[in-house]
Enquirer: 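Quick one: the structure is below, questions incoming.
This is a predicted model, so every value here is computed, not measured.
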Amino acid sequence: MRVLVTGGAGFVGAHVVDDLRSRGHEPVVFDVLLPAAHPAEPVLPDAEFLRGDVRDADAVRRALRGVDAVCHQAAMVGLGKDFSDAADYVACNDLGTAVLLAAMAGAGVRRFVQAGSMVVYGEGRYACPVHGVVRPGPRAVADLEAGRFEPRCPRCGAGLAPGLVAEDAPADPRNVYATTKLAQEHLAASWARSTGGSAVSLRYHNVYGPGMPRDTPYAGVASFFRSALARGEAPRVFEDGGQRRDFVHVRDVASANTAALARLADPGEGRRAGAGRHAAYNIGSGEPHTVGEMAAVLARAHGGPVPVVTGEFRLGDVRHVTADSSLARRELGWLPRVGFEEGMTEFAAAAQRAAAGGR
């Protein structure tokens, strides 16, 4: 397949391009190379490169010529700095996706895989010993300031046991970035129904690995810690370090994109992602770890300094969210290959890409 990879010069996008090439496909990189997200002379993937913005309808239409499928990685990511970023998030993520899908509708391109995110769930899955599965609301500032980080049962106040969240969990975005990622899924579903196309949203959990951007407020927690270690500073772990996440290696995320594209190209594709349908899949390692554990493993592999647990918190952060990725394994034939210790040890020594901002 000839596959247009938007954001193909970015962290995940570049790995997707490499994986596509390794499997005999023809990736085409479409990236605007904004200076805030790329150094002055970015290292581009070994593939055809087209410079352009997904919000530019004319540039997108030109890029779609001869394309069989689109792998949409271009986005503004992370929690950002504060709500002043809201317009930029909506423009990059939602307007950009709408322009891209409209151009695909006109060009007759009917296969679409996009980078989704686990942030659409808000908090993960919790079970109360009395009331069973419950959905706690946002944590109160007073509780966070007092160091009470664990959500409680909204009905009886009992302690909760975190579990794995599946794709059928209700969406509950807790910040601007999460809201835009959910809107992208709705846009893809609307496009699929309107055009008869096939769309897949891959809900990435906490992606890490070689080539992550450094020193930016828009990167993930693994990048924050790795950047601190590179500066000779101790990683600063927020809350008490007990937040549970699913850290998934970027090469496994890339292979999930290729697996999804292959399924959409299969004439016998199943009901969930067939013509006119949109399907969402969790993409995680299946191995929950705490943020504190991740910081300790990364620091040890790097050679220190030892992480510092600060008790600080960020509004909009959730306490626990970890993936049930069995649906992707079953329907896409995808399996993560990089284990936690192996991946973090590699990441501790890997180069990061320079970045001054994060868009």
Enquirer: Under the salt bridge (Lys or Arg N to Asp or Glu O under 4.0 Å) criterion, do R21 and D18 qualify, and how do the steps go?
Expert: CA-CA 5 Å; R21 284 178 54 85; D18 288 344; 5.7 Å; no
Enquirer: To which residues is L160 joined in a hydrophobic cluster, defined by side-chain heavy-atom contacts under 4.5 Å among Ile, Leu, Val, Met, Phe, Trp and Tyr, whether direct or through other members?
Expert: Y126, V134
Enquirer: Under the criterion side-chain contact (heavy atoms from CB on, under 4.5 Å), I'd like the reasoning laid out for Y204 against V12: C-alpha separation, chi angles, the key distance, then a yes or no.
Expert: CA-CA 10 Å; Y204 301 164; V12 175; 4.0 Å; yes
Enquirer: Just so I know, are the side chains of V253 and H15 near enough to count as touching, which here means a heavy-atom distance under 4.5 Å?
Expert: no
Enquirer: Is it the case that one hydrophobic cluster holds both L34 and V90, taking links as side-chain heavy atoms less than 4.5 Å apart, direct or via other members?
Expert: no
Enquirer: Taking all non-hydrogen atoms of both residues into account, name the closest pair between H278 and A188 and its distance.
Expert: CD2-CB, 3.8 Å
Enquirer: With the 4.5 Å side-chain cut-off for hydrophobic clustering, are V16 and V200 part of the same group?
Expert: yes
Enquirer: State which residues pass ring-ring contact (aromatic ring centres under 6.0 Å, His included) with H249; sequence neighbours excluded, sorted by chain then number.
Expert: Y208
Enquirer: Any side-chain donor-acceptor pair under 3.5 Å between S285 and H205?
Expert: no
Enquirer: Without hydrogens or angle criteria, can the side chains of Y89 and N175 be said to hold a donor-acceptor pair below 3.5 Å?
Expert: no
Enquirer: With a 4.5 Å heavy-atom cut-off, do L164 and P288 have their side chains touching?
Expert: yes
Enquirer: What's the separation between atom CE in M212 and atom OG in S223, rounded to the nearest 0.5 Å?
Expert: 4.5 Å
Enquirer: Please answer whether the main-chain N or O of A115 pairs with a side-chain N or O of S201 as donor and acceptor at a distance below 3.5 Å.
Expert: no
Enquirer: List for me each residue that meets side chain to side chain donor-acceptor pair (under 3.5 Å) alongside D172, sequence neighbours excluded, and say none if there are none.
Expert: R174
Enquirer: Under the salt bridge (charged side-chain N to carboxylate O under 4.0 Å, His left out) definition, can you give me all pairs with a residue in residues 182-198, not counting sequence neighbours?
Expert: E185-R203
Enquirer: Ignoring hydrogens and geometry, is there a side-chain-to-backbone donor-acceptor pair from S325 to G286 under 3.5 Å?
Expert: no
Enquirer: In terms of hydrophobic clustering (I, L, V, M, F, W, Y; side-chain heavy atoms under 4.5 Å; direct or indirect links), are F30 and L20 co-clustered?
Expert: no
Enquirer: Does some side-chain heavy atom of R236 sit less than 4.5 Å from a side-chain heavy atom of E312?
Expert: yes
Enquirer: Looking only at heavy atoms, what is the nearest atom pair of N206 and M118, with distance?
Expert: OD1-CE, 3.2 Å
Enquirer: For residues 243-258, which residue pairs qualify under salt bridge (charged side-chain N to carboxylate O under 4.0 Å, His left out), counting only residues two or more places apart or in two chains?
Expert: R251-E346
Enquirer: Is L95 linked to Y177 within one hydrophobic cluster, defined over Ile, Leu, Val, Met, Phe, Trp and Tyr using a side-chain heavy-atom separation of less than 4.5 Å?
Expert: no
Enquirer: Under the ring-ring contact (aromatic ring centres under 6.0 Å, His included) rule, collect the residues that match up with W191, sequence neighbours excluded.
Expert: F112
Enquirer: CG/D19 to CG/L261 distance, rounded to the nearest 0.5 angstrom?
Expert: 10.0 Å
Enquirer: With sequence neighbours left out, what residues match D168 under side chain to side chain donor-acceptor pair (under 3.5 Å)?
Expert: none
Enquirer: Is there a donor-acceptor contact under 3.5 Å from the side chain of Q243 to the main chain of F238?
Expert: yes
Enquirer: Output every pair passing salt bridge (charged side-chain N to carboxylate O under 4.0 Å, His left out) with a member in residues 293-311, not counting sequence neighbours, ordered by first then second residue.
Expert: none
Enquirer: Quick one: are V221 and F247 in side-chain contact, heavy atoms under 4.5 Å?
Expert: yes
Enquirer: Show the nearest heavy-atom pair for residues A105 and T195, with the distance to one decimal.
Expert: CB-CG2, 3.8 Å
Enquirer: Without placing hydrogens or testing angles, list every side-chain donor-acceptor pair under 3.5 Å for residues 301-308, not counting sequence neighbours.
Expert:
from, atom 1, to, atom 2, distance (Å)
H302, ND1, G304, O, 3.3

Enquirer: Taking only residues two or more places apart in sequence or in another chain, which ones pass side chain to side chain donor-acceptor pair (under 3.5 Å) with R139?
Expert: E239
Enquirer: Which pair of non-hydrogen atoms, one from F225 and one from P235, has the smallest distance, and what is that distance?
Expert: CD2-CB, 3.6 Å
Enquirer: Enter the distance from S227:OG to E233:CD here, rounded to the nearest 0.5 Å.
Expert: 10.0 Å
Enquirer: Can you tell me if R226 uses its side chain to pair, donor with acceptor, with the backbone of Q352 under 3.5 Å?
Expert: no
Enquirer: Closer than 3.5 angstrom, by distance alone: can the side chain of D94 be matched with the main-chain N or O of A183 as a donor-acceptor pair?
Expert: no
Enquirer: Just verifying a value: how many Å separate T290 OG1 and H320 NE2, rounded to the nearest 0.5 Å?
Expert: 9.5 Å
Enquirer: Give a yes or no on whether the backbone of V165 and the side-chain of N282 come within a donor-acceptor separation of less than 3.5 Å.
Expert: yes
Enquirer: Identify the heavy atoms of L264 and R111 that sit nearest to each other, and give their distance.
Expert: O-NE, 3.5 Å
Enquirer: Roughly how far, to the nearest 0.5 Å, is the CZ atom of F313 from the CG atom of D143?
Expert: 10.0 Å
Enquirer: Could you pull out the closest heavy-atom pair between R51 and L33, with the gap in Å?
Expert: NH2-O, 3.5 Å
Enquirer: Quick one: does V250's side chain get under 4.5 Å of F11's, heavy atoms only?
Expert: yes
Enquirer: Listing request: all salt bridge (charged side-chain N to carboxylate O under 4.0 Å, His left out) pairs with a residue in residues 1-11, at least two apart in sequence or in separate chains.
Expert: R2-E26, R2-E48
Enquirer: If you measure from the Lys or Arg side-chain nitrogens to the Asp or Glu carboxylate oxygens, is any gap between R319 and E123 under 4.0 Å?
Expert: no
Enquirer: Could you list the residues that satisfy side chain to side chain donor-acceptor pair (under 3.5 Å) with T179, not counting sequence neighbours?
Expert: none
Enquirer: Under a 4.5 Å cut-off applied to non-hydrogen side-chain atoms, are R329 and P336 in contact?
Expert: yes
Enquirer: Without hydrogens or angle criteria, can the side chains of Q73 and N257 be said to hold a donor-acceptor pair below 3.5 Å?
Expert: yes
Enquirer: Going from CE on M1 to OG1 on T258, what distance comes out if it is rounded to the nearest 0.5 angstrom?
Expert: 8.0 Å
Enquirer: Under a 4.5 Å cut-off applied to non-hydrogen side-chain atoms, are S255 and W334 in contact?
Expert: yes
Enquirer: What I'd like to find out is whether the side chain of C128 reaches to under 4.5 Å of the side chain of R155, using heavy atoms alone.
Expert: no
Enquirer: Check the hydrophobic clustering (I, L, V, M, F, W, Y; side-chain heavy atoms under 4.5 Å; chains of links allowed) and say if V32 and L50 are grouped together.
Expert: no
